[in-house]
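Reminder, nothing fancy here: chain letters follow the sequence lines and each chain counts from 1.
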Protein chains: 2
Amino acid sequence: MAKEKIIDKGAAIRQAALTMIVDEGLHGLSMQRLAAKAGVSPGTIYLYFENRLDMLHQLYLEVRQRSDQAMLDGFSATMDFAAGLRVLWHNTFRYFVAHPIEFRFTEQFINSPLVAAVLDQEDPNARQQRRDFYARAIQNEQIADLPVEVYWAIAFAPLYQFIRFALEGSLHLPGDFQQLESKLEITLTRVIKALQK
Amino acid sequence: MAKEKIIDKGAAIRQAALTMIVDEGLHGLSMQRLAAKAGVSPGTIYLYFENRLDMLHQLYLEVRQRSDQAMLDGFSATMDFAAGLRVLWHNTFRYFVAHPIEFRFTEQFINSPLVAAVLDQEDPNARQQRRDFYARAIQNEQIADLPVEVYWAIAFAPLYQFIRFALEGSLHLPGDFQQLESKLEITLTRVIKALQK
DNA sequence: TAAAAATGAATGAACGTTCATTCATTTGAT
DNA sequence: ATCAAATGAATGAACGTTCATTCATTTTTA
């Protein structure tokens, strides 16, 4: 009943584009070489995307949507602060360790001027959930009443730096993932301490 | 005795290149448009740089050298941990708030695959000083005996995130810089708390 | 006036994008 | 059940432009 192999050209293009960007940079993505790598003709790309810039925007929004979704798995803004932050941290860490190409693509994109064009198109639900969580934690006196930039810089920047380390390192060695998760836990514990009243 | 105006073409090229990259991305830097913007002919660029890639590498290493120098101003690895970290944070913050283009260029570059080619050419003295400072702080029990990734993620990631916020925000408004420095100080205090034994 | 610095026209390769064309599949009339 | 008509996904050659780079020539400096 099921087809033996459905060749989804749109998916092939997306996949090839991400790895090309990660390997060669945003400037290294040429439409003709992308077509060759995706096993598709140049014209085909333009059936799926309006143009090169539109493709980059779409790629980012899709990748970002998926990681935002993964981050919120099992999370609720009404959770106890330490428990909620732990969920956010572990979800994010696991998702990006499993999807390193998406992590590096995201980092390249958000550090390029391209990001300005899509900032307002990011998932508003994810954003709102994180906001509510922060507001509630202050209200319940689970964390100090810190300015939002201070809160954000302490609560999340170490997480992303830690993921960067994890992806640079020797993740292929056995046992490394567990060791990393335990170091992540140490980091998280101290971050929570830093935010408390 | 001094010339009225010394036109340093090398400096004009470097300056124009940085702003072009910040405004249009690494892929937006074309040699011909760069020449036009720097008020120089295309061939002139090749008197100062071997080729486009060499220029990007040199730009990064020079920018990085200057920010590393600024960061270490008045710092010594033998300082008390809290005092030393405060010097590093404020130096870095002030330098990049005064040089936003260099900050954004650096962020773009280190998040691109180009960084791999120059990682081993970064200032080894700056690196060693930071290492010594970390080792001493543990030895003197001024901070907990944390894995280096944990230490680094907590001690510096919030600083760079905070600079990112500062550069996005309305720095041109009067009084904003002082307000930012006081928020930086709040962040630093909590980071130090997170690292202590 | 000799040397050094700078020029800018020229080059071929590569770029993003277009579009006339193909053809396997789906539709609908019989 | 048959088959002509219609569809639209996919192609890839071709377009005009822009790319990084070169080098014979001119300008500036000392």
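Sorted by residue number, the members of residues 24-41 of chain B with any non-hydrogen atom under 4.0 Å from DNA chain D read B:L29, B:S30, B:M31, B:Q32, B:R33.
The OH-P distance, from B:Y46 to D:dT22, rounds to 7 Å in whole Å. Separating the CZ atom of A:R52 from the C1' atom of C:dC15 is a distance of 10 Å, rounded to the nearest angstrom. In this structure, the CD atom of A:E50 is 17 Å from the P atom of C:dG16, given to the nearest Å. Rounding to whole angstrom units, CG of residue B:N51 and P of D:dT21 are separated by 5 Å. Summarising the geometry, the separation between CZ on B:F49 and C1' on C:dA6 is reported as 15 Å, rounded to the nearest angstrom. Whole-Å rounding puts the A:I45 CD1 to D:dA9 P distance at 16 Å.
By the 4.0 Å N-to-carboxylate-O rule, A:R130 lies close enough to A:D68 to be salt-bridged with it. A salt bridge does not link A:D132 with A:R127: none of the charged nitrogens is closer than 4.0 Å to a carboxylate oxygen. Salt bridge annotation for B:E102-B:R64: absent, with no cationic side-chain nitrogen under 4.0 angstrom from a carboxylate oxygen.
For D:dA10, the OP1/OP2 oxygens have a side-chain nitrogen or oxygen of A:Y48 closer than 4.0 Å.
Closest heavy-atom contact between A:F109 and A:L56: CE1-O, 3.7 Å.
Under the 6.0 Å cut-off for aromatic ring centres, A:F133 and A:F81 qualify, their centroids lying closer than that. Aromatic rings of A:H99 and A:F103 (six-membered ring for Trp) have centroids beyond the 6.0 Å cut-off, not under it.
Side chains of B:R164 and B:Q161: a donor-acceptor N/O pair is present below 3.5 angstrom, by distance only. In summary, the side chains of B:R136 and B:Q139 do not present any donor paired with an acceptor at a separation below 3.5 Å, with no hydrogens or angles considered. Inspection of the A:Q65 and A:Y60 side chains reveals no N or O donor paired with an N or O acceptor under 3.5 Å.
Annotation: the span from B:K193 atom NZ to B:L188 atom CG amounts to 13.0 Å, rounded to 0.5 Å. For the atom pair NE2 of B:H27 and CG of A:L26, the computed distance is 6.5 Å after rounding to the nearest 0.5 Å.
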Which pairs, protein N/O on one side and nucleotides 26-28 of chain D N/O on the other, fall under 3.5 Å?
none

Got a list of protein N/O to nucleotides 6-8 of chain D N/O distances below 3.5 Å?
none

